[in-house]
Amino acid sequence: QKEVEQNSGPLSVPEGAIASLNCTYSDRGSQSFFWYRQYSGKSPELIMFIYSNGDKEDGRFTAQLNKASQYVSLLIRDSQPSDSATYLCAFLHPLSGGSYIPTFGRGTSLIVHP
Amino acid sequence: DAGVTQSPTHLIKTRGQHVTLRCSPISGHKSVSWYQQVLGQGPQFIFQYYEKEERGRGNFPDRFSARQFPNYSSELNVNALLLGDSALYLCASSFSSASQPQHFGDGTRLSIL
């Protein structure tokens, strides 16, 4: 069973602070990792993807990947109330025939309070 | 450009009935995947189709089936509905296989009475 572990939260941070969201995964063969944001009642929206060890930055978001520790994180700088949502971590594991299927964590609820 | 579109947005059924959900991928995307999401959980993979062929199947009973059409749109069918099938059903598309980032539609919320 390929698993993704996330703390369900809620994680509460003040406006302007850095929010740190964490995810661990069990499949050492995983090569691709994704972070999705999901507002209540809406569908997931892709925020970041990362394939290589290290950091990847996009605006206020930074994804960090450590394959040796099987750990991926998402940092949100200058958090805004509009960032309040559930953040889903996902990784891909390969199927025979060259396809991949994503496995999602249950998500971490983030609350940014003014 | 239009994103992934799903229909209907909401659906109410009773136990034992069957349902068909529809999805149109982003233009140019050839891969469609279906997910079930229950409250408080992440999306659970049901099927992946690429170039009209099933490429992957999650741990769901045979009551669930799907197909992809020549225009890359897709249908998810669920027979003999159970109360536990109540969920948000999400369709996601990507250019090729699921190794590409997937983009989700708004989903179909299915309620079983």
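In what follows, chains are A, B, ... by sequence order, proteins preceding strands, each numbered from 1.
- By the criterion of side-chain heavy atoms lying less than 4.5 angstrom apart, applied directly or through intervening Ile, Leu, Val, Met, Phe, Trp or Tyr residues, Leu75(A) is not grouped with Leu65(A); the two fall into different hydrophobic clusters.
- Taking hydrophobic clusters as Ile, Leu, Val, Met, Phe, Trp and Tyr residues chained together by side-chain heavy-atom distances below 4.5 Å, Ile76(A) shares a cluster with Phe33(A).
- A 4.5 Å side-chain heavy-atom check between Val4(B) and Ser43(A) finds every atom pair outside the cut-off.
- Once rounded to the nearest 0.5 Å, the distance linking CG of Leu46(A) with NE2 of His103(B) reads 6.0 Å.
- No more than 12 heavy atoms of other residues, nucleotides or ligands shown are found within 6.0 angstrom of CZ on Arg15(B).
- Within residues 76-90 of chain B, the residues having any heavy atom under 4.5 Å from a heavy atom of chain A are, by residue number, Leu88(B), Leu90(B).
- Remark: Lys42(A) NZ is loosely packed, at most 12 non-hydrogen atoms of other residues, nucleotides or ligands lying under 6.0 Å away.
- Taken from CZ in Arg106(A) to CD in Gln37(B), the straight-line distance is 11.5 Å, to the nearest 0.5 Å.
- Looking at Glu45(A), neither its backbone nor its side chain comes within 4.5 Å of chain B, counting heavy atoms on both sides.
- Residues satisfying the salt bridge (charged side-chain N to carboxylate O under 4.0 Å, His left out) test with Asp62(B), not counting sequence neighbours, are Arg57(B).
- Contacts of Phe49(A) classified as ring pair (Phe, Tyr, Trp, His ring centres under 6.0 Å), with partners at least two apart in sequence or in another chain: Tyr51(A).
- The same ILVMFWY cluster, assembled from side-chain heavy atoms under 4.5 Å apart, contains both Leu21(B) and Phe64(B).
- The contact list for residues 104-113 of chain B toward chain A, using heavy atoms and a distance under 4.5 Å, reads Phe104(B), Gly105(B), Asp106(B) by residue number.
- Few gaps surround CG on Asn71(B); more than 12 heavy atoms of other groups in view lie less than 6.0 Å from it.
- Transitive grouping of hydrophobic side chains (ILVMFWY, heavy atoms separated by less than 4.5 Å) keeps Met48(A) and Tyr71(A) in distinct clusters.
- Between Tyr35(B) and Pro102(A), the closest side-chain pair of non-hydrogen atoms falls below 4.5 Å.
- Under the 4.5 Å side-chain heavy-atom criterion for Ile, Leu, Val, Met, Phe, Trp and Tyr, Phe60(B) and Leu11(B) are members of the same hydrophobic cluster.
- In this structure, Glu53(B) places its CD atom where only 12 or fewer heavy-atom neighbours from other residues, nucleotides or ligands lie under 6.0 Å away.
- For His113(A), the NE2 atom sits in a packed shell: over 12 heavy atoms of surrounding residues, nucleotides or ligands are nearer than 6.0 Å.
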